[in-house]
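Chain A is the first sequence line, chain B the second, and so forth, proteins listed ahead of strands; every chain is numbered from 1. All heavy atoms count here, side chains included; hydrogens, waters and symmetry mates do not.
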2 protein chains.
Amino acid sequence: MQSISPHRPRFQQVADRLRALIAAGELGEHSALPSERGIAEKYGISRMTARRALEALESEGLVYNEDRRGRFVSPRRLNYDVSNMVSFAADAQARGMDLEIELITVKETAADAELAEKLSVDAGEPLHEYTRLFRSNGYAIFLETECVIARRFPDLLDHDLRQSTTRLLERHYGTSARTGDIVIRMRGVRAEEAALMGLAISHPGIELEQVIRDGAGSPFCFGRQIWRGELAEFSARAIVNPENAG
Amino acid sequence: MQSISPHRPRFQQVADRLRALIAAGELGEHSALPSERGIAEKYGISRMTARRALEALESEGLVYNEDRRGRFVSPRRLNYDVSNMVSFAADAQARGMDLEIELITVKETAADAELAEKLSVDAGEPLHEYTRLFRSNGYAIFLETECVIARRFPDLLDHDLRQSTTRLLERHYGTSARTGDIVIRMRGVRAEEAALMGLAISHPGIELEQVIRDGAGSPFCFGRQIWRGELAEFSARAIVNPENAG
DNA sequence: GGTGGGTTCTGGTATATACCAGCCGAAGTT
DNA sequence: AACTTCGGCTGGTATATACCAGAACCCACC
């Protein structure tokens, strides 16, 4: 049965058994795993070792950890097609997915050097900035902060921001998103982000940045999302650039 | 100085100081951080607490961990533009980047249900499968396993696979990659993968899958890469689908 | 019918200790 | 010059213990 290696570490063996429980469907999506203390007692290991087993499952994305509440089975991942520049919100609603948007903060700021470059404006340019938390069925998915050029969208913050801003900007200002430049990278969630999403600090996450441009190619919005790593799946379509193929 | 919260955990405080060291440039890319024992002694904490501080930096992607060798400062991330379907190898070479490809395994297999679906062939279809490790300046970047339809590329495995296969298939078989379907998700590296890359198990990683299609839209290659999370950065370009915009 | 306190869950932080296992270089051997 | 061995580095595994802090639930009290 376990002829793989002479000394498969205990925490791995326990992780294997928990993994098997989940694979067998004994534990459905979002259902609670046994507690660290419970596992320690059941398998005759110390609590710290039990924790290592659970952490192994977390790093696989099989399990997630809510700060001081327990560990739960990760649900199926949510797919976001980044090549098709309809916002996640608009896309999700079109597919009939349950999606709640909570407005966390709103403020008026000014572009720093980095934002100025990304949005092709001068540093100091007034911006609307807002942070929103996206949930599905009550579970946090990602946290997003967007910055839009205030001059182009006066009184934007008077609208209800608990909806797709892509659609909002289209309807009320006639600006539609035509292209986007996207960057994806992995990083742990920061303490404040974790607190807002109810997760333990350093929860694995994926950051997605996008610069959104209008039909004339002018950027008007910069967004940065931090997704729960175990939930995110991004798909994209690639097409050979004819110039390179020539 | 530390008026942020009543009890900022010690491991966080130590992580802050190490982070500051790196930010100040005292430690350059790939240079070794102090050992767990060294940190414990220097800051008057236990070794386990020192480790937690280091793990916090790892999850941020600021530091990486080589199994039983030590922890090192992460270098600048490598960018891979997934929208432009030139392979990473071809692209890297074009940009003059140092890139070594090590062939790990080669075998002849048959498509299982999943691969059959992805490659639009019947289950059991013969495939060439090979695994390669990509390095730059001696440092592992990602591990890739590709499966190509054997019937279309006879004797492929007789060629030197330590080069861009996109280019190889183009030159010797007249098949060029035209489009690709890509999926990106986060997951910890598995034990075997970690061993090949010299990393500790559960090292944070990003998996990238791609189905590559020819000019006729027929898939001929399926690849799965596992990148070191702290090194990877994927960029993509989005364009609104005119059908959705209508 | 809510509100305030419990108690009891959960994980989070922290220490001290022990030994294991791979890596590496230096020293000694062939 | 190549090879082996060994000792001292590194992190990895594992235990036992203690107390802290937030979440949840229940119940008694108003």
Side-chain angles (χ1 to χ4, degrees), chain A residues 5-16 18 30-59 63-73 138 140 188-189 191-192 194-203, chain B residues 5-16 18 30-59 63-73 138 140 188-189 191-192 194-203:
Chain A
S5 75
H7 290 307
R8 183 156 176 79
R10 293 215 208 183
F11 81 89
Q12 292 269 24
Q13 296 176 29
V14 173
D16 290 344
L18 294 170
H30 295 297
S31 62
L33 272 79
S35 70
E36 297 176 354
R37 291 173 174 88
I39 290 170
E41 193 182 353
K42 176 164 183 180
Y43 295 100
I45 57 181
S46 76
R47 183 178 157 208
M48 282 311 201
T49 306
R51 174 182 296 213
R52 313 274 249 103
L54 289 162
E55 284 172 342
L57 300 181
E58 281 178 55
S59 85
V63 161
Y64 65 89
N65 179 348
E66 289 194 17
D67 193 39
R68 275 168 249 256
R69 294 211 329 112
R71 288 184 175 84
F72 305 87
V73 178
V189 304
E192 327 83 68
L196 285 168
M197 296 200 272
L199 302 171
I201 64 165
S202 295
H203 186 94
Chain B
S5 75
H7 291 306
R8 184 157 173 79
R10 293 215 208 181
F11 80 89
Q12 294 268 24
Q13 296 177 30
V14 174
D16 290 344
L18 295 170
H30 295 296
S31 62
L33 272 79
S35 70
E36 297 176 354
R37 290 172 175 89
I39 290 171
E41 193 183 353
K42 176 163 184 182
Y43 296 99
I45 57 181
S46 76
R47 184 178 156 208
M48 282 310 201
T49 305
R51 173 182 297 212
R52 313 273 248 104
L54 290 162
E55 283 171 343
L57 301 181
E58 281 178 55
S59 85
V63 160
Y64 64 90
N65 178 348
E66 289 195 16
D67 194 39
R68 274 166 249 257
R69 294 211 328 113
R71 288 184 174 83
F72 306 88
V73 178
V189 303
E192 327 83 67
L196 286 167
M197 295 200 273
L199 304 170
I201 64 164
S202 296
H203 186 95

### Task
Report the distance from atom CZ of Arg69(B) to atom C1' of dG11(D), rounded to the nearest whole Å.
12 Å
### Task
Classify the nucleic acid contact of Arg71(B) as base, sugar-phosphate or nothing, counting any heavy atom under 4.0 Å across all strands shown.
sugar-phosphate
### Query
Which one, dC23(C), dG11(C), dA14(C), comes nearest to the side chain of Thr49(B)?
dA14(C)
### Message
I'd like to check Arg52(A) versus Met48(A) (side-chain heavy atoms, cut-off strictly below 4.5 Å). Are they in contact?
### Response
no
### Task
Provide, to the nearest angstrom, the distance between the CE atom belonging to Met48(A) and the C1' atom belonging to dC19(D).
12 Å
### Message
On the nucleotide dG12(C), are OP1 or OP2 found under 4.0 Å from the side-chain N or O atoms that Asn65(A) carries?
### Response
yes
### Task
State, yes or no, whether a side-chain contact exists between Arg71(B) and Leu57(B) at a heavy-atom distance under 4.5 Å.
no
### Query
How is Arg37(A) classified with respect to the nucleic acid when contacts are heavy atoms under 4.0 Å: base, sugar-phosphate, or nothing?
base
### Message
Rounding to an integer number of Å, can you tell me how far Leu199(A) CG sits from dG22(D) C1'?
### Response
15 Å
### Query
Roughly how far, to the nearest 0.5 Å, is CD of Glu192(B) from CE of Met197(B)?
10.5 Å
### Query
Out of dA14(D), dT15(C), dG12(D), which nucleotide sits closest to the side chain of Arg10(A)?
dA14(D)
### Query
With sugar-phosphate meaning primed atoms plus P, OP1 and OP2, does Ser35(B) contact a base, only sugar-phosphate, or nothing at under 4.0 Å between heavy atoms?
sugar-phosphate
### Task
Rounded off to whole Å, could you give me the CG-to-P distance for the Asp67(B) and dC20(C) pair?
18 Å
### Message
What is the separation between atom CZ on Arg68(B) and atom C1' on dC9(D), rounded to the nearest whole Å?
### Response
13 Å
### Task
Respond yes when some side-chain nitrogen or oxygen of Arg52(A) is under 4.0 Å from OP1 or OP2 of dA14(D), and no when none is.
no
### Task
Report the distance from atom CD1 of Ile39(A) to atom P of dT10(C), rounded to the nearest whole Å.
10 Å
### Query
Closest nucleotide of DNA chain D for Glu66(A) versus for Arg47(B): which of these residues is on the 5' side?
Arg47(B)
### Message
Contact between Leu33(A) and Val73(A) at the side-chain level, heavy atoms closer than 4.5 Å - yes or no?
### Response
yes
### Task
Measure the distance from OH on Tyr64(B) to C1' on dT10(D) and round it to the nearest whole Å.
14 Å
### Message
Using a 4.0 Å heavy-atom cut-off, does Arg51(B) contact any base of the nucleic acid, only the sugar-phosphate backbone, or nothing at all?
### Response
base
### Query
Rounding to a whole Å, what distance do you find between Glu41(A):CD and dT10(C):C1'?
15 Å
### Query
CD/Gln13(B) to OG1/Thr49(B) distance, rounded to the nearest 0.5 angstrom?
11.5 Å
### Message
Given dT13(D), dG12(C), dT13(C), identify the nucleotide with an atom nearest to the side chain of Pro9(B).
### Response
dT13(C)
